[in-house]
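Structure first, commentary second.
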Amino acid sequence: MLIPHDTRKALDVVVDLVNTAPESEPSDRLTDVEALSAFARLHDVSDVGRLGADDLRAVRAVRARFAEVFEAPDPRAAAELINQLVAAAGTTPRLTDHDGFDWHVHYFAPGASMADHLAADCGMALAFFVVSGEQERLRRCEAPDCRHAFVDLSRNRSRRYCDSRTCGNRLHVAAYRARRKEASG
């Protein structure tokens, strides 16, 4: 699956945003405006201006809606959620070639709030997966003690864990130890 850089970046942002929620982490990682500003800096979210408490509340609401997309049981449910997010953001597609990247599309209007920016750009990135029949690639980690969201970009759609080095290995080691214990009596 060929994914343009702007779509890939938006996917990374939406996954990281969803994973800041208390459902994915021991506690909410977007606790205050400074945490939101740090998130924006970490992901080079452009054109967001000065952030405040209203931005934090709005981004948390968008995050909750994105989490619902990762839980959607089928493409129709995912599409409905994405359509609501993108429409509420007042999507305004425009071509840009900033920061040394080739031409790509931004879906947020100039001067949009951070929540609208994320809803538009990240919503459209998720929309491309639904349109291409790949909604099942939007997943949650199958490790029982982990709920992290991730996008399965493996060739055969077989990825089960958010990180095979942590969640995947931990489960494989536990299964191995259980088998050894059972074999030894």
Side-chain angles (χ1 to χ4, degrees), residues 1-21 24-25 29-30 33-51 55-56 58-72 75 78-79 81-141 148-155 157 159 161-165:
M1 171 178 242
L2 181 62
I3 302 172
H5 85 276
D6 54 321
T7 302
R8 179 57 197 251
K9 182 179 176 191
L11 289 171
D12 291 343
V13 171
V14 73
V15 164
D16 284 352
L17 179 64
V18 169
N19 289 337
T20 65
S24 298
E25 291 292 317
R29 290 191 344 226
L30 286 182
V33 174
E34 181 50 44
L36 181 61
S37 296
F39 182 89
R41 284 190 304 275
L42 175 68
H43 292 287
D44 295 322
V45 179
S46 59
D47 299 329
V48 294
R50 186 179 170 103
L51 298 172
D55 294 299
L56 180 61
V59 168
R60 282 177 165 173
V62 166
R63 175 183 69 183
R65 299 307 309 263
F66 280 136
E68 291 177 44
V69 173
F70 279 85
E71 300 288 337
L81 292 163
I82 293 166
N83 282 340
Q84 291 169 3
L85 277 161
V86 171
T91 305
T92 308
R94 63 189 166 97
L95 289 167
T96 183
D97 67 344
H98 64 88
D99 297 330
F101 291 110
D102 287 335
W103 288 104
H104 60 281
V105 180
H106 279 189
Y107 294 94
F108 60 93
S113 69
M114 184 167 173
D116 286 346
H117 177 133
L118 294 173
D121 270 6
C122 297
M124 289 305 298
L126 295 175
F128 290 126
F129 275 76
V130 174
V131 166
S132 62
E134 303 286 352
Q135 182 255 340
E136 75 276 359
R137 289 182 182 268
L138 308 177
R139 298 192 175 158
R140 291 287 190 159
C141 185
H148 279 149
F150 68 94
V151 178
D152 178 3
L153 297 177
S154 66
R155 186 183 308 245
R157 298 176 187 92
R159 189 170 156 199
Y161 307 109
C162 63
D163 185 350
S164 61
R165 282 178 260 147

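Given the structure is predicted, the values throughout are model-derived calculations rather than measurements.
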For the CZ atom of Phe129 and the CD atom of Glu134, what is their distance to the nearest 0.5 Å?
7.0 Å
Could you give the distance from CG (Asp12) to SG (Cys122), rounded to the nearest 0.5 Å?
9.5 Å
Residue Asp97 excluded, over 12 heavy atoms near CG under 6.0 Å:
yes
Are Asp44 and Lys9 packed together at the side-chain level, in the sense that at least one heavy-atom pair is separated by less than 4.5 angstrom?
yes
For side-chain contact (heavy atoms from CB on, under 4.5 Å), just list the numbers for Leu30 and Leu56, CA-CA rounded to whole Å, side-chain angles, deciding distance to a tenth of an Å, and then say yes or no.
CA-CA 8 Å; Leu30 286 182; Leu56 180 61; 4.2 Å; yes
Does CZ belonging to Arg94 count more than 12 external heavy atoms closer than 6.0 Å?
yes
Looking at Asp152, is its backbone amide N or carbonyl O close enough to the side chain of Arg137 to form a donor-acceptor pair, meaning the two atoms are under 3.5 Å apart?
yes
Run the side-chain contact (heavy atoms from CB on, under 4.5 Å) test on Leu11 and Leu126 for me, step by step, so that the C-alpha distance in whole Å, both residues' side-chain angles and the decisive distance to 0.1 Å come before the verdict.
CA-CA 7 Å; Leu11 289 171; Leu126 295 175; 3.9 Å; yes
Heavy-atom check, side chain of Asp116 versus side chain of Phe108, under 4.5 Å:
no
Side-chain (Arg60) to main-chain (Arg63) donor-acceptor, under 3.5 angstrom
no
Of Leu81, Val13, Val18, which is the lone residue that meets side chain to side chain contact (heavy atoms under 4.5 Å, CB included) with Phe66?
Val18
More than 12 heavy atoms of other groups within 6.0 Å of Arg157 CZ
yes
His106 side chain to His104 main-chain N or O, any donor-acceptor pair under 3.5 Å?
no
So how far is it from Met124 CE to Thr91 OG1, rounded to the nearest 0.5 Å?
7.0 Å
Closest heavy-atom pair, Leu17 versus Thr20, reported as atoms and distance to 0.1 Å, is O-OG1, 2.6 Å
Between Asp121 and Ala10, is there a donor-acceptor pair closer than 3.5 Å when you use the side chain of the first and the backbone of the second?
no
Do Phe70 and Val15 touch side chain to side chain, with heavy atoms closer than 4.5 Å?
yes
Identify the two heavy atoms, one from Ala120 and one from Val86, that lie closest to each other, and give their separation to 0.1 Å.
O-CG2, 4.4 Å
Please give me the minimum heavy-atom distance between Ala40 and Leu51, naming the atom from each residue.
CB-CD1, 4.4 Å
Side-chain heavy atoms of Val59 within contact of Phe39, under 4.5 Å:
no
Ignoring hydrogens and geometry, is there a side-chain-to-backbone donor-acceptor pair from Arg159 to Arg139 under 3.5 Å?
no
Minimum heavy-atom distance between Asp16 and His43, given as atom pair plus value
OD2-CE1, 2.7 Å
With no hydrogens and no angle check, is any side-chain donor or acceptor of Thr92 less than 3.5 Å from a backbone partner on Gly90?
yes
Give the minimum heavy-atom separation between Arg29 and Asn19, together with the two atoms involved.
NH1-O, 3.5 Å
Heavy-atom pair of closest approach, residues Arg50 and Asp55:
O-OD2, 3.8 Å
When rounded to the nearest 0.5 Å, the distance separating CD1 of Ile82 from CZ of Phe128 is 10.5 Å
